[in-house]
Amino acid sequence: MERDYQPSVIESKVQAAWDAEGVFSRSEDPAKPKFYCLCMFPYPSGKLHMGHVRNYTIGDVISRYLTMNGYNVLQPMGWDAFGMPAENAAIKNQVPPAAWTYDNIAHMRGQLKQLGFGYDWNRELATCTPDYYRWEQWLFTRMLERGLAYRKKARVNWDPVDQTVLANEQVIDGRGWRSGALVEQREIEQWFIRITDYADQLLDDLDTVDWPEQVKTMQRNWIGRSQGVEFSFARPGHTERLEVYTTRPDTIMGITYVAIAPTHPIATKAAESRPELAAFIADCTRIKVAEADLAQAPKLGMATGESVIHPLTGEELPIWIANFVLMEYGSGAVMAVPAHDQRDWEFATQYGLPIRAVIAPQGEDPTYDIGQAAWTEKTGMTIASGEFDGLPFAAAFDAVAARLEALGIGRVTTNYRLRDWGIGRQRYWGCPIPVIYTDEGIKPVGDHALPVVLPEDVVVDGQGSPLVRRHDFVQTIDPETQRPAQRETDTFDTFMESSWYYARFASAFSQDAMLDRHANYWLPVDLYIGGIEHAILHLLYARFFHKVLRDLGLLTSDEPFKKLLTQGMVLKDGSKMSKSKGNTVDPQALIDLYGADTVRLFTMFAAPPEQSLEWSDEGVAGAHRFLKRVYSLVADAVNQRYTDVPFTVADLSPEARDLYRKLHETIAKVSDDIGRRYHFNTAIAAVMELVNQLQRFTPESAMDQAVYRQAIDRVVVLLSPITPHLSTHLWQALGQSTPLHAIAWPTVDTAALTRDVYMLVVQVNGKLRARIEVAAEATDVEILKQARAEQQVRKFLEGMTEVKTILVPQKLVNLVVKPA
RNA sequence: GCGAGCGUGGUGGAACUGGUAGACACACAGGACUUAAAAUCCUGAGGCAGAAAUGCCGUGCGGGUUCGACUCCCGCCGCUCGUACCA
């Protein structure tokens, strides 16, 4: 065989063979367990970046490994094709978003094929095609029927110059990114879906999935279920009452004021007669809508002049407008207890409002100093609370709740931080929302009229959505009355498309239904792999859709993703790759230079999946060097025509036996690292160790040659999930007739792993002092005797008495001593 | 601000369940081969002291638990992700 490793020749040849044989097409197979391995599909932004390469290599390695372990593995791929970048590109280059998107898809599909990922391309989908989004429109129509979709007002960032709604990322330092105009908050009527109806299930079912604990914790906190009390204050001079929600009714006697959101009806009403209030409220709308900005803005407030009556003391308390109170959470009003809530404390201190301590710690607590900070622990006891004095948290909670309930003004409730999902976007490049506005109100277009097709021949100029100006799109007829009607011009949030694509892949060929019975064969996804940045929103929305689809009878499972693997970022020089920082690395250039196998190998070797990966061009060169070494190792073995005689372990020379043991230790390590741990970097390191040992080994006898030859064969197989092209090529060169992708994963010869003697570490007081070689059958007493006899150990035992001995089998001995 | 992570040699990382810190690489230095270079191969290396044997120190910082802590607990510092219209 040729002496030189030529990746470009090998890779295109191997890929052509896979294509011709349809190696990765999948259908149901009752003889094998199914495994659905899914990577988060990409946004077709133009070309693949390193994050994609990393993500998809991880999925491909696992898929190939499991296929060799007897699973019927499905690995599909598609395109998250709607979204803002297409509109931005359209503005910049005067290309319609559709054309730009389809070009990008064609290019990126080619790149994925070049990287050798084993996808079932028959199932490919792009979310911007009517074939796909018609079923999303169909599902939305079902949601409308069931009352899961509704309209309400919501705040958006408004650019007064471009006359358009801006995404949070398009608002930079309070100004529109293109116009530079000061952005203001506006309230507009929007479409919402009731994800909060599923809040309890979304929370409780987290216990049933095999996800990283950190992601489950983030979702639990995001949903934020809390037990609290909802009650109302009477207002002097008004008949309507003011509703608040609190998780700390035990502090009710410490209320010194009430804070309401700037958009609360009481604030709006008060501002009518007081211009300074109106000005303050207007000021509050200068901050962009993002929670991070709202929470970090300086806390500002203004007294409304209105008041409430404390329900238990009858005291009159002022109502303040505070810019940090959110209308979306609870009722948009909070009872303020500055002594026991840090935000209330800061606000009260800033505006000279009274602070009244009503909880005291049990015992000494140096952090308890209400003059310096709020004391927010729930471990204290009520004080200065009249009849509620001397109660711990739970008892005080119950007593106060019972009293408010008895008064007929309050009740214990469950509250969620999770809000309903706003799914309407005032943008063009998205799925049309299938409703019409008629003189009888809003109606769905009806299933027979689906899909509502998005016109693709448009001009995008950044001044609002071009859909609004397309009269041929907007003007329609109400099929019920035959009178003119207007189509909805809002489109769906692109999270809608990514919330069910995983299910459509499993039912990709269904023409007359969103999902058919095949979906339930493949689902749930056995392993879902993608960026940690999707830990909350995308994963929560997809879980929600899955439950809705189940309740509609389309699916039988409760959760979409059984197991989740979240990968870290790809960094260069310590920070995220980005065009603005000029630290991007183009995978294409590396594929052209070294081949796909090298890029795959380095990406898997540089870090385990869940950690961030620091890119290194030198590291890639090193990975390539390793593959060249493997290539020439195999080429030598082939050219030497080593014998393949049968052998028994007992008859091997000591060196050959060492090599044979190392081989089987490596098989065990690689299988565990790929199959269980998903730590490919240590799997590769283990193969490198084996290759190093092989290079040091010169086979002499026929049996030496046979062991050596067997080890070479296994190296090729062990690397094959990671470097499938090179492995396929070498496998053929080694004269193997069964195709590599069809063979079974190597098994471990456990007999080869046993050792007659092993190393034991000897410590004195936890410090390493010696290593001893111990016979496998040695008793504890013998081991301790041998340890104490060691020169380096005796040195530290002199003048000491042994207090304790610790013996960890196969690992270490620790002699604990103290001066005699 | 809030929620969740991460922090180990010059660099990426290893140490999986509390049991040998630095596997495997990268970069570097020295050597072999070469007219020379590249490529390839061999050797070396956490820091300090020492000729060496060896000793002491060492996993962001400060404390704690333990026979033993990179690993567990508490408090800080720094970085990363998310924060509901980026995907």
Side-chain angles (χ1 to χ4, degrees), chain A residues 40 42-43 45 80 83-85 154 156-157 165-171 190 212-215 217-222 224 289-297 299 324 328 342-343 417-427 493-495 498 531-538 540-541 566 568-569 571 574-576 602 605-608 610-623 625-626 628-629 632 672-673 676-677 679 681-682 684-689 692 695 759-768 771 792 795 803-806 808 811-817:
Chain A
M40 290 181 187
Y43 178 80
S45 54
D80 189 13
M84 279 204 321
V156 293
N157 303 303
V165 174
L166 297 180
N168 283 327
E169 71 158 11
Q170 296 175 312
V171 182
Q190 297 263 47
E213 226 24 77
Q214 82 195 76
V215 176
T217 304
M218 282 192 266
Q219 292 218 348
R220 287 190 189 106
N221 293 340
W222 184 260
V289 170
E291 194 209 86
D293 291 77
L294 290 169
Q296 283 174 86
K299 314 258 172 300
F324 58 85
E328 289 91 346
Q342 189 56 25
R343 240 171 16 177
R417 208 186 73 93
L418 180 69
R419 309 194 295 254
D420 273 341
W421 177 11
I423 51 163
R425 296 290 181 272
Q426 295 69 50
R427 286 184 221 298
D493 177 3
T494 56
F495 274 126
S498 55
I532 183 69
E533 66 272 20
H534 294 293
I536 296 177
L537 292 180
H538 161 61
L540 193 67
Y541 292 147
T566 49
M569 309 253 119
L571 311 177
S575 60
K576 192 175 170 173
F602 174 73
F605 183 58
E610 64 276 11
Q611 284 181 34
S612 59
L613 184 156
E614 175 66 32
W615 192 261
S616 155
D617 289 337
E618 293 80 12
V620 184
R625 247 182 339 251
F626 173 70
K628 284 204 291 198
R629 252 167 56 216
S632 59
D672 188 51
D673 280 348
R676 178 182 65 91
R677 294 214 303 155
H679 277 209
N681 57 331
T682 49
I684 294 164
V687 177
M688 285 174 167
E689 282 186 45
N692 290 344
Q695 284 189 308
M759 282 290 202
L760 208 63
V761 160
V762 185
Q763 298 180 336
V764 179
N765 281 348
K767 287 204 178 200
L768 174 70
R771 292 180 173 83
Q792 277 305 313
K795 231 166 94 182
V803 188
K804 196 176 179 181
T805 54
I806 284 141
V808 183
K811 289 227 166 107
L812 64 71
V813 173
N814 188 10
L815 305 172
V816 184
V817 298

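Quick note on labels: first sequence line is chain A, next is B, and so on, each numbered from 1.
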With nearest nucleotide decided by heavy atoms, which residue, A:His534 or A:Asn681, maps closer to the 5′ end of RNA chain B?
A:Asn681

First encountered from the 5' end of RNA chain B, between A:Gly622 and A:Met759:
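Its nucleotide being nearer the 5' end, the pick is A:Met759.
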
For the side chain of [X] and the backbone of [Y], is there at least one donor-acceptor N/O pair under 3.5 Å apart?
X: A:Gln219; Y: A:Ala535; answer: yes
X: A:Asn765; Y: A:Val817; answer: yes
X: A:Gln170; Y: A:Ala167; answer: yes
X: A:Asp673; Y: A:Asn681; answer: no
X: A:Asn814; Y: A:Ile806; answer: no

Looking only at atom [atom1], what distance separates [N] and [M], rounded to whole Å?
N: B:G55; M: B:A21; atom1: P; result: 13 Å
N: B:A15; M: B:U20; atom1: C1'; result: 10 Å
N: B:A69; M: B:C16; atom1: P; result: 15 Å
N: B:A27; M: B:G46; atom1: C1'; result: 16 Å
N: B:G78; M: B:A14; atom1: P; result: 26 Å
N: B:A53; M: B:A45; atom1: P; result: 11 Å
N: B:A23; M: B:U11; atom1: P; result: 15 Å
N: B:G10; M: B:G60; atom1: P; result: 13 Å

Using a heavy-atom cut-off of under 4.0 Å over every strand shown, decide if [X] touches base, sugar-phosphate, or nothing.
X: A:Val165; value: base
X: A:Lys795; value: sugar-phosphate
X: A:Ala290; value: sugar-phosphate
X: A:Gly568; value: nothing
X: A:Arg417; value: base
X: A:Phe605; value: base
X: A:Gln219; value: nothing
X: A:Glu610; value: nothing
X: A:Val215; value: nothing
X: A:Glu614; value: sugar-phosphate
X: A:Met569; value: sugar-phosphate
X: A:Gln296; value: base
X: A:Asn168; value: sugar-phosphate
X: A:Leu294; value: nothing

Is there a Watson-Crick or G-U wobble partner for [N] with both distances under 3.5 Å, and if so, which one is it?
N: B:A27; answer: none
N: B:C16; answer: none
N: B:C76; answer: B:G60
N: B:G68; answer: none
N: B:A52; answer: none
N: B:U40; answer: B:A32
N: B:G1; answer: B:U83

Measure up the A:Trp421 and A:Tyr541 rings against each other and bin them: parallel (under 30°), tilted (30 to 60°), perpendicular (over 60°).
parallel

Any side-chain donor-acceptor pair under 3.5 Å between A:Asp80 and A:Ser498?
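No donor-acceptor contact under 3.5 Å links the two side chains.
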
Side-chain contact test, heavy atoms from C-beta onward, threshold under 4.5 Å: evaluate it for A:Thr805 versus A:Val813 and give yes or no.
no

Syn if the chi torsion is within 90° of 0, anti otherwise; quick check, which is B:G9?
syn

Please list, in 5' to 3' order, the outermost nucleotides of RNA chain B lying under 4.0 Å from any heavy atom of chain A.
B:G1 to B:A87

Search all heavy atoms of A:Leu540 against all heavy atoms of A:Leu418 and return the closest pair with its distance.
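Smallest interatomic distance, heavy atoms only, reads CD2-CD1, 3.8 Å.
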
Any chance you could lay out the salt bridge (Lys or Arg N to Asp or Glu O under 4.0 Å) test for A:Glu618 and A:Arg625, step after step, and finish with the verdict?
CA-CA 11 Å; A:Glu618 293 80 12; A:Arg625 247 182 339 251; over 6 Å; no

